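Reading through the structure tokens given below for one structure.
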Amino acid sequence: AVGPVPRRRPARSDMGWALSLLLLPLALLAAPVQAEGGTAAAEEVKIEVLHLPEACSPKSKKGDLLNAHYDGFLASDGSKFYCSRTQNEGHPKWFVLGVGQVIKGLDIAMMNMCPGEKRKVTIPPSLAYGQHGYAQGKIPPNATLIFEIELYAVNKGPRSVEAFNQIDKDSDKKLSELEISQYLKEEFARDGKKRHPSAHDEILADIFKKNDHDGDGFISAKEYNVYQHDEL
């Protein structure tokens, strides 16, 4: 099926915040579709840099957590099918680059991009929604897409080596309930928001339910680093 996979809304906004921060990054526009007919290799994303700041660091790479605004247009008639500024009270979108949270063409288009940079990119159908299109998003079959993108921030992704090592206090390459509990307490203190006393335990339990796949009471490096973009 083409388009996003419906996701259950967490019972608490705090739980969604913590999971997205730690292990479950936010989705952007839609789930990717596989290129059809083997045409992806013959087609490329066209990138036009509209603005490049003097200070260009750090450049985005696979696994980074990006914050960006973007508008989407149909190349055929120039009509706009998406504007991030009209979603989520106009806040820029957060997503992890290069891991399939967006269509393949956007993952390609936003590599090696720096904070403050603006790009206009053209994405062929094979790297977007293919021959089926995406009716819910008003994207017809075999549509070439144009995006105007403004990148605001490039941060270490939630499944980066740096993030894992920050939580793994005893450096044993696995995360215990105590280590993640301490991490959550530190993040809560840094965030400064008032929370119900039960929020911490609920979030901790949910993290292990979703990520401790072998049920041994630890989240291993393999279970944590599902994006395979770094070596631990």
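Here the structure is a predicted model, which means the values were calculated and not measured. Hydrogens, waters and symmetry mates are skipped; everything else that's a heavy atom, side chains included, is used.
Closest approach of Ile47 and Ala109 over heavy atoms only: CD1-O, 3.9 Å. Shown here for Ala143 and Pro140, the closest heavy-atom pair between the two residues is CB-O, 3.3 Å. Taking each heavy atom of Phe208 and Gly217 in turn, the nearest pair found is CE2-O, 3.4 Å. In terms of heavy atoms, His200 sits closest to Leu184 at CD2-CB, 4.0 Å. Closest approach of Ala128 and Leu145 over heavy atoms only: CB-CD1, 3.7 Å. Residues Gly98 and Asp107 approach most closely at N-OD1, 2.8 Å, considering heavy atoms.
Distance check, rounded to the nearest 0.5 Å: CG of Asp168 to CG of Leu175 gives 5.5 Å. Note: Asp201 CG to Ser181 OG = 7.5 Å, rounded to the nearest 0.5 Å. Atom CE in Met110 sits 9.0 Å away from atom OH in Tyr70 (nearest 0.5 Å). For the atom pair OG1 of Thr122 and CZ of Phe147, the computed distance is 10.5 Å after rounding to the nearest 0.5 Å. Going from atom OG of Ser176 over to atom NZ of Lys169 covers 11.0 Å, rounded to the nearest 0.5 Å. Separation of atoms CE (Met111) and NZ (Lys62) is listed at 7.0 Å; rounding is to 0.5 Å.
Under the 4.5 Å side-chain contact rule for hydrophobic residues, Phe73 and Ile103 do not share a cluster. Linking ILVMFWY side-chain heavy atoms closer than 4.5 Å, directly or via other members, places Ile203 and Phe218 in two distinct hydrophobic clusters. One hydrophobic cluster, built from ILVMFWY side chains closer than 4.5 Å, holds both Phe164 and Ile207. Ile146 and Leu106 fall into different hydrophobic clusters, where Ile, Leu, Val, Met, Phe, Trp and Tyr side chains are chained together by heavy-atom contacts under 4.5 Å. Both Leu151 and Val102 belong to a common hydrophobic cluster when Ile, Leu, Val, Met, Phe, Trp and Tyr are linked at side-chain heavy-atom distances under 4.5 angstrom.
Counting heavy atoms from C-beta on, the side chains of His132 and Pro141 never come closer than 4.5 Å. At least one side-chain heavy atom of Asp170 sits less than 4.5 Å from a side-chain heavy atom of Glu179. Contact of the Cys114 side chain with the Pro53 side chain is registered, since non-hydrogen atoms from C-beta on lie closer than 4.5 Å. No side-chain heavy atom of Lys93 sits under 4.5 Å from any side-chain heavy atom of His69. Residues Leu66 and Tyr152 have side chains not in contact (no heavy-atom distance under 4.5 Å, counting atoms from C-beta outward). Contact annotation: the side chain of Ile123 never approaches that of Thr144 to less than 4.5 Å [non-hydrogen atoms, C-beta and beyond]. Using a 4.5 Å heavy-atom threshold, the side chains of Pro58 and Pro115 count as touching.
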Go through Asn155 and Trp94 one step at a time and tell me if the side-chain contact (heavy atoms from CB on, under 4.5 Å) criterion holds. CA-CA 10 Å; Asn155 296 326; Trp94 287 99; 3.4 Å; yes
I'd like to know whether Asp64 forms a salt bridge (charged side-chain N to carboxylate O under 4.0 Å, His left out) with Lys61, so could you lay out the CA-CA distance, the side-chain angles of the two residues, the decisive distance to 0.1 Å, and finally the verdict. CA-CA 6 Å; Asp64 281 344; Lys61 66 182 185 303; 3.2 Å; yes
Go through the steps to decide whether Glu48 and Val121 satisfy the test side-chain contact (heavy atoms from CB on, under 4.5 Å), and finish with yes or no. CA-CA 6 Å; Glu48 178 185 356; Val121 302; over 6 Å; no
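The existence of a salt bridge linking Glu150 and Arg85 is confirmed by a sub-4.0 Å separation between a basic side-chain nitrogen and an acidic carboxylate oxygen. Taking a cutoff of 4.0 Å between a charged side-chain nitrogen and a carboxylate oxygen, Glu117 and Arg119 qualify as a salt bridge.
With Phe81 as the aromatic partner, Lys138 does not meet the cation-pi criteria of under 6.0 angstrom to the ring centre and within 45 degrees of the ring axis.
Checked by atom type and distance alone, the side chain of Ser60 pairs as donor or acceptor with a backbone atom of Met113 at under 3.5 Å.
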